[in-house]
Amino acid sequence: MKKVCFNRLLRMLGRFPAALVCFVFGPAAGHSQNLLYVQSPDTLVLQAGARVYVQGGVVLSGEGQILLDGALVLGGGSSGGAGGSADWTDNNGLAGGVGGSGCVVLAASGAQIGGAVTVELPTLLLASSGGAFGLSASLTIRDSLLLGVGNALSLEGHELQLLNTDPASLAWQDGGWLVSETHPDAAPDYGTVSWEVNAGPSPPEYVLPLGVAGPDLSVEFTPLPGSMSFHMSTYGTGPDNLPLPGTGRYLPLPVTDLYSEDAGGDNAPWTLDRFWIIDPGENGSAVTLRYRSTEASGGVAGSEATLLAQRWVPGMGWEGPGIGSSGEPLVSTISFHAEEAGAWTLSLGASPLPVTCHGLVVTALPGAVLLQWSTESELSNRGFEVQRRGAHDAWQSLAFLEGAGTTIEPQSYRFWDSICPPSGALYRLMQVDYNGSQRAVCGLVHGRPLPDDAALKPLLWPNPTQGQFWVAAPALPASLDQGQPGEWQLYDLQGRLMGKGIARCISGPESNSSQHPGQHFDAGVSSRYHVTLPDALPAGMYQFRWGASTEQMFRVLHLPP
């Protein structure tokens, strides 16, 4: 292997301090800029204590390698002054790259770190005072990242990975910071910081100096025991938190909507104009977020003291009424325990983001459809209006189900529509507040009943059932039609016997409407039978059979209360 090796020259200059050893590389063959170009089979070896200056950038290509135990300074002369473009470009990946424990120094503002692969460096120092640096590929730092005086490193949609678990492995001077967010109109994006952490018996506190025009969005976190990593991004939006293509301000994935109860719509003045996308590690982390006063909620003067953190759960919505304690009025911070990954924002405690509704689920039944949904929490929820719309019809209100008001306890709801058109229909839920405002929740679903068998519909009621139901006498074998008790069996859809018992004969049809409103038994039925299903029967669809005849098999949907 051919080596570009400086060892012999360094030994010749050994009587001088290593920091004075300087090599200035001119334009490489085929390149118009001053570049150090290392390609296969070259290996550049730089000893500990040596400092080499490149009046331009470095390109690794074709499995070229750098064994770096000294300092390699890009974009500066021997005195460290700016000397032009100082990009670091790595096109090698695992085939080449940088080994050793030395330091790469970027001394020219505007330099980019990137290439065709993830760049991996031992230590990176951004040394141009007040300089701006960016990533054009993801960057992994094995030892330390040092931000010089007032330097900003913009992630540009890429990941910065820190492998050293020492909190001091990320250091900055006089306002150096990391920039997570970018807002190009065509492709809004945000970069991610990933830090491998040490969460032993007494885990240390870590600080990420994030910001936009300075470290004004710093994040502090202490990993809880058992957590081994922490990942996060932050992303600002426009004043109304809505997608606005004209300004390039978008909601970050996976958030799809933002709603304020008191604002009555998606323009949420009581919610911070910023998001944090956080994965707090395997067992979570204690997190303190710092927010910008210009992004603070504008609904009530001085109300930031009541801000709470809320997490967006994909497919479910906003979780809970909010958690945390605010640092207002002294500092613009909020602290809370983040236990699971998600997108977080801050909203006023007096107006948290609303009822969190699980998706609306529809089940087809003979001649009917069953709608089911649930909530994780509710805030001032008077109830749900169930609405249906046919192919060419307007929305029609079918029923109103009372809500639970304000609660953090999960709630479940179901509605049985026995007059759904055979061709099916769309269903939606309108959640209604006590103040009269309402909004659609849980999304739209299409329901279509199973074919309506006239001989089946009046036999069982109710179906679905909650542990008991009634059977019309015409459904019974002839030997049971005289009011004698009869045997029944219950099977799951795999044919396994789940229970059996004796049907109990009860009074005739004249008591139907008073005892069991909504029943559909024929008026000419002479008797009916009461069936109680086994205790602790799991929810699901079952086959219910009278006697030993397969002609007396009925599908029953059991939904425990």
Side-chain angles (χ1 to χ4, degrees), residues 1-14 16-108 111-128 133 135-146 163-164:
M1 176 183 295
K2 178 182 176 182
K3 294 186 177 181
V4 181
C5 183
F6 298 92
N7 296 357
R8 182 176 301 175
L9 286 174
L10 293 177
R11 284 198 299 269
M12 292 173 60
L13 297 172
F16 298 102
L20 296 181
V21 179
C22 174
F23 300 93
V24 179
F25 292 85
H31 297 272
S32 60
Q33 296 181 343
N34 295 330
L35 293 174
L36 171 59
Y37 197 83
V38 184
Q39 61 182 346
S40 179
D42 295 343
T43 298
L44 174 62
V45 178
L46 188 60
Q47 284 186 334
R51 182 181 294 266
V52 172
Y53 293 88
V54 179
Q55 199 170 21
V58 170
V59 176
L60 294 174
S61 182
E63 301 184 14
Q65 300 183 63
I66 297 179
L67 300 181
L68 180 63
D69 286 312
L72 188 56
V73 184
L74 282 65
S78 61
S79 62
S85 175
D87 293 347
W88 182 281
T89 305
D90 187 348
N91 296 323
N92 288 337
L94 298 177
V98 180
S101 58
C103 179
V104 172
V105 181
L106 298 187
Q112 291 283 319
I113 305 168
V117 297
T118 296
V119 177
E120 184 170 329
L121 299 174
T123 291
L124 175 64
L125 168 61
L126 306 182
S128 176
F133 302 84
L135 298 183
S136 56
S138 293
L139 172 65
T140 296
I141 301 295
R142 296 195 300 269
D143 191 0
S144 298
L145 173 61
L146 310 173
L163 300 183
N164 190 340

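Just so you know, these numbers come straight off a predicted model, no measurement behind them.
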Kindly determine whether Leu124 and Leu146 satisfy side chain to side chain contact (heavy atoms under 4.5 Å, CB included), including the steps that lead there.
-> CA-CA 6 Å; Leu124 175 64; Leu146 310 173; over 6 Å; no
Taking every non-hydrogen atom, the tightest pair across Gly114 and Ala137 | CA-CB, 3.7 Å
When rounded to the nearest 0.5 angstrom, what is the spacing between SG in Cys103 and CG in Asp143?
-> 9.5 Å
Could I get the full list of side chain to side chain contact (heavy atoms under 4.5 Å, CB included) partners for Thr140, not counting sequence neighbours?
-> Thr118, Glu120, Gln161, Leu163
Evaluate side chain to side chain contact (heavy atoms under 4.5 Å, CB included) for Val98 paired with Gln65, printing each intermediate quantity in order.
-> CA-CA 6 Å; Val98 180; Gln65 300 183 63; over 6 Å; no
Run the numbers on Val52 and Val73 for side chain to side chain contact (heavy atoms under 4.5 Å, CB included), then give the verdict.
-> CA-CA 6 Å; Val52 172; Val73 184; over 6 Å; no
Nearest heavy-atom neighbours spanning Val117 and Asp90 = CG2-O, 3.3 Å
Atom of Gly56, atom of Leu74 and distance for their closest heavy-atom approach | O-CB, 3.6 Å
Taking atom CG of Leu145 and atom CG of Leu121, what is their separation to the nearest 0.5 Å?
-> 10.0 Å
Reported CG-to-CG distance for the pair Leu125 and Leu106, which is rounded to 0.5 angstrom = 8.0 Å
Distance-minimising heavy-atom pair for Pro122 and Ile141 | O-CG2, 3.6 Å
Check for a donor-acceptor pair, side chain of Arg142 on one end and backbone N or O of Gly100 on the other, with a separation under 3.5 Å.
-> yes
Shortest non-hydrogen contact from Asp87 to Ala111?
-> OD1-CA, 3.4 Å
With rounding to the nearest 0.5 Å, note down the distance linking CG in Leu36 to CG in Leu44.
-> 6.0 Å
Roughly how far apart are Ile113 CD1 and Thr89 OG1, rounded to 0.5 Å?
-> 10.0 Å
Partner residues of Ser136 under the side chain to side chain contact (heavy atoms under 4.5 Å, CB included) criterion, sequence neighbours left out = Gln112
Output, in order, the C-alpha distance, side-chain angles, deciding distance and verdict of side chain to side chain contact (heavy atoms under 4.5 Å, CB included) for Leu60 and Asn91.
-> CA-CA 6 Å; Leu60 294 174; Asn91 296 323; over 6 Å; no
How close do Ser128 and Phe133 get, heavy atom to heavy atom, and via which atoms?
-> CB-CZ, 3.9 Å
Side-chain contact test, heavy atoms from C-beta onward, threshold under 4.5 Å: evaluate it for Leu67 versus Leu46 and give yes or no.
-> no
Separation between CH2 (Trp88) and CG (Leu139), nearest 0.5 Å, reads 11.0 Å
